[in-house]
*Asks:* 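Take a look at the following structure, please.
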There are 2 protein chains.
Amino acid sequence: MNNYTRILREHNLKATPQRLAMANVLHVDGHISIESLYAVMIEKFTSISLATIYKNINLMVENSFIQEVKIPHAKSVYELTKDTHSHIVCEKCGKVNDVSLDLSTIIDNATKQSNFKIDKTDLVLSGVCKGCQ
Amino acid sequence: MNNYTRILREHNLKATPQRLAMANVLHVDGHISIESLYAVMIEKFTSISLATIYKNINLMVENSFIQEVKIPHAKSVYELTKDTHSHIVCEKCGKVNDVSLDLSTIIDNATKQSNFKIDKTDLVLSGVCKGCQ
DNA sequence: CACTAAAGGACAATAATTATCCTTTTAGTT
DNA sequence: AACTAAAAGGATAATTATTGTCCTTTAGTG
């Protein structure tokens with residue numbers, strides 16, 4: 001049993017060929033939009049339905065196998081769930097990368113300011129990547 | 001000429017009654033979704049078209065009079081453009097608040113890590129507000 | 001291998017957003 | 001204040017995005 005079969009099952013998701021392929025695409029691509037994912041998937045599964053993509057994306061998000069990343073002025077992308085991290089997106093080419101940043105002091109600060117009990121951060125930095133400068 | 005008339009024109013937007021009302025709603029409410037905005041607007045302009053709301057929102061975003069804030073697991077909200085700031089959203093009641101946080105060291109850190117030229121940050125903290133705890 | 005719940009595919013239905021077209025209004029300019 | 005061009009508003013059609021339905025197939029378990 002390959003790796004993603006096990007991980008899918010740990011998230012209460014049956015390991016269908018379509019889902020395994022989705023997991024692999026997400027693994028290789030890192031961050032992908034619905035439409036791009038569909039474009040890639042239809043290569044392997046010529047008769048896959050867009051509804052299947054949506055249904056799986058939604059189930060996978062509900063079961064925390066993947067996460068949605070909302071990008072300013074662009075469509076959302078999805079990624080395999082990993083340790084907490086932030087994102088940086090290139091305004092020219094659109095590429096999304098992970099960055100590992102310590103936000104603990106920011107959270108402390110925000111807690112004092114707001115009196116919220118904070119349990120999650122979503123940080124997206126925007127700029128121009130090395131290649132596009 | 002009232003305040004928002006002037007500010008709208010500074011953003012190359014004609015100051016129509018509908019737009020002035022939108023500006024006031026945004027001012028009073030702080031952060032509002034398209035559907036909520038439409039619900040409020042239709043009280044004052046019983047025959048306003050939803051298309052007008054969309055057209056104005058888009059124009060106002062393009063001309064930097066307002067900004068979109070993407071909220072995890074919820075619809076986007078819009079706010080009048082202000083100095084750079086972050087947001088904190090209550091997972092229970094959905095209320096969105098501004099927080100003023102210094103992200104400069106975070107940006108330095110991310111710059112080193114990514115080699116991006118960073119020019120914008122979008123940070124949304126999630127948690128439970130005082131009232132909902 | 002047999003059984004049951006779940007998943008896939010085709011496609012209809014909804015929801016969200018944008019485009020079109022024609023009338024009215026704004027913001028200058030006489 | 002009237003005149004005009006460009007823009008905006010409203011109605012509604014069209015498009016795009018997403019979800020639901022129904023029936024067939026498959027995964028996973030015993």
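Chain letters run A, B, ... following the sequence lines, proteins first, then strands; residues in each count from 1. Only a predicted model underlies this, so the values are computations on that prediction, with no experimental measurement involved.
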*Asks:* Regarding A/R6 and A/N3, is there a side-chain donor-to-acceptor distance under 3.5 Å anywhere?
*Replies:*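 Distance-only check passes for A/R6 and A/N3.
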*Asks:* Do A/I88 and B/L103 belong to the same hydrophobic cluster, where Ile, Leu, Val, Met, Phe, Trp and Tyr are linked whenever their side-chain heavy atoms lie under 4.5 Å apart, directly or via other members?
*Replies:*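 Cluster IDs for A/I88 and B/L103 match.
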*Asks:* Among D/dG28, D/dT18, D/dA11, which is the nearest nucleotide to the side chain of A/R9?
*Replies:*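 Closest nucleotide among those given: D/dG28.
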*Asks:* By ring pair (Phe, Tyr, Trp, His ring centres under 6.0 Å), which residues pair with B/F116, not counting sequence neighbours?
*Replies:*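 B/F116 satisfies ring pair (Phe, Tyr, Trp, His ring centres under 6.0 Å) with no residue once adjacent residues are dropped.
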*Asks:* Is there a side-chain contact between A/M60 and A/L13, using heavy atoms and a 4.5 Å cut-off?
*Replies:*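 With C-beta onward as the side chain, the pair touches.
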*Asks:* Run the ring pair (Phe, Tyr, Trp, His ring centres under 6.0 Å) test against B/H85 and tell me which residues pass, sequence neighbours left out.
*Replies:*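 Once residues adjacent in sequence are excluded, the partners of B/H85 under the ring pair (Phe, Tyr, Trp, His ring centres under 6.0 Å) criterion are B/H87.
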*Asks:* Do any of residues 64-75 of chain B sit with a heavy atom less than 4.0 Å from DNA chain C, and if so which?
*Replies:*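 Result for residues 64-75 of chain B: B/K75, sorted by number.
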*Asks:* Under 3.5 Å, which protein N or O atoms sit close to an N or O of nucleotides 1-7 of chain D? Give each pair with its distance.
*Replies:*
{"unit_1": "D/dA7", "atom_1": "O4'", "unit_2": "B/K14", "atom_2": "NZ", "d": "3.4"}

*Asks:* Please find the pair of heavy atoms, one from B/H11 and one from B/S64, that lie closest to each other, and give the distance.
*Replies:*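 Heavy atoms only, the tightest pair is NE2-O, 3.5 Å.
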*Asks:* At less than 4.0 Å, is any side-chain N or O atom of A/N58 found next to OP1 or OP2 of D/dT18? Yes or no.
*Replies:*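 It does not, given that no N or O in the side chain of A/N58 lies less than 4.0 Å from OP1 or OP2 of D/dT18.
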*Asks:* Let me spell it out: for each of B/K55 and B/T16, pick the nucleotide of DNA chain C with the closest heavy atom. Which residue's pick is nearer the 5' end?
*Replies:*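 Its nearest nucleotide lies further toward 5', so the answer is B/K55.
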*Asks:* Quick check: do B/K14 and B/R9 have side-chain heavy atoms less than 4.5 Å from each other?
*Replies:*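 Of all side-chain heavy-atom pairs linking B/R9 with B/K14, none is under 4.5 Å.
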*Asks:* More 5' along DNA chain D: B/L13 or A/P17, using each one's nearest nucleotide?
*Replies:*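 Residue closer to the 5' terminus by nearest nucleotide: B/L13.
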*Asks:* Can a donor-acceptor pair be found between the side chains of A/H31 and A/N97 at a distance below 3.5 Å?
*Replies:*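 Judged by distance alone, the side chains do not pair up.
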*Asks:* Using atom CD of A/E62 as one end and atom P of C/dA6 as the other, report the distance to the nearest whole Å.
*Replies:*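 Answer to the nearest Å: 14 Å.
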*Asks:* Considering only D/dA11, C/dC11, C/dG28, which nucleotide approaches the side chain of B/S49 most closely?
*Replies:*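 Given the options D/dA11, C/dC11, C/dG28, the side chain of B/S49 is closest to D/dA11.
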*Asks:* For the pair made of CG in B/L50 and P in C/dA16, what is the distance, rounded to whole Å?
*Replies:*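 The distance from CG of B/L50 to P of C/dA16 comes to 10 Å, rounded to the nearest Å.
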*Asks:* If I take atom NE2 in residue A/H11 and atom P in nucleotide D/dG28, what distance separates them, rounded to the nearest angstrom?
*Replies:*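 In whole Å, D/dG28 P lies 16 Å from A/H11 NE2.
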*Asks:* Return the angle between end axes of the helix from C/dC1-D/dG30 to C/dT30-D/dA1, with five pairs used per end and rounding to 10°.
*Replies:*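 Roughly 40° between the end axes, to the nearest 10°.
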*Asks:* Going hydrophobic residue to hydrophobic residue with side-chain gaps under 4.5 angstrom, can you get from B/V99 over to A/L125?
*Replies:*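 Hydrophobic grouping puts B/V99 with A/L125.
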*Asks:* Please find the pair of heavy atoms, one from A/D102 and one from B/I106, that lie closest to each other, and give the distance.
*Replies:*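 Result for this residue pair: O-CD1, 3.4 Å.
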*Asks:* Classify the nucleic acid contact of A/A15 as base, sugar-phosphate or nothing, counting any heavy atom under 4.0 Å across all strands shown.
*Replies:*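 Sugar-phosphate contact only - A/A15 comes under 4.0 Å of backbone atoms but never of a base.
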*Asks:* Answer yes or no: does a side-chain N or O of B/T52 lie under 4.0 Å from OP1 or OP2 of D/dG10?
*Replies:*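 The answer is yes; a side-chain N or O of B/T52 sits under 4.0 Å from OP1 or OP2.
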*Asks:* If you take all heavy atoms of A/D119 and B/E91, which pair is closest and at what distance?
*Replies:*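 Answer, listing the atom of A/D119 first, then B/E91: OD1-OE2, 2.7 Å.
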*Asks:* Please pick, from D/dA8, C/dG28, D/dA11, the nucleotide with the shortest atom-to-atom distance to any side-chain atom of B/L59.
*Replies:*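 Nearest to the side chain of B/L59 among the choices is D/dA8.
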*Asks:* Would you mind telling me which of D/dT18, C/dA27, C/dT26 lies closest to the side-chain atoms of A/Y54?
*Replies:*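 Between D/dT18, C/dA27, C/dT26, the one nearest the side chain of A/Y54 would be D/dT18.
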*Asks:* Can you get from A/L80 to A/V69 by hopping between Ile, Leu, Val, Met, Phe, Trp and Tyr side chains that sit under 4.5 Å apart?
*Replies:*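 In one cluster: no.
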*Asks:* With a 4.5 Å cut-off on side-chain heavy atoms, are B/E62 and B/N58 touching?
*Replies:*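 Sidechains of B/E62 and B/N58: in contact.
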*Asks:* Would you say NZ of A/K44 has more than 12 non-hydrogen atoms from neighbouring residues, nucleotides or ligands within 6.0 angstrom?
*Replies:*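 12 or below, so no.
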*Asks:* Would you mind checking if A/D122 and A/K70 are paired as a salt bridge, meaning a charged N to carboxylate O distance below 4.0 Å?
*Replies:*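 Not counted as a salt bridge, because no side-chain N and carboxylate O are separated by less than 4.0 Å.
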*Asks:* So does A/Q18 get a side-chain nitrogen or oxygen closer than 4.0 Å to the phosphate oxygens (OP1/OP2) of C/dG9?
*Replies:*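 For A/Q18, the contact criterion (side-chain N or O under 4.0 Å from OP1 or OP2 of C/dG9) is met.
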*Asks:* Roughly how many Å is it from CD1 in B/I53 to C1' in D/dA11, rounded to a whole number?
*Replies:*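 Taking CD1 of B/I53 and C1' of D/dA11, I get 15 Å after rounding.
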*Asks:* Can you tell me if A/N56 touches the phosphate of C/dG8, counting only side-chain N or O atoms and a distance under 4.0 Å to OP1 or OP2?
*Replies:*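 Answer yes for this pair, as a side-chain N or O of A/N56 is under 4.0 Å from OP1 or OP2.
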*Asks:* Given atom CG of B/L20 and atom P of C/dT25, what is their separation to the nearest angstrom?
*Replies:*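 Computing the B/L20:CG to C/dT25:P distance gives 15 Å.
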*Asks:* Contacts to DNA chain D from residues 28-48 of chain B, heavy-atom cutoff under 4.0 Å, which residues?
*Replies:*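 B/S47, B/I48, in order of number.
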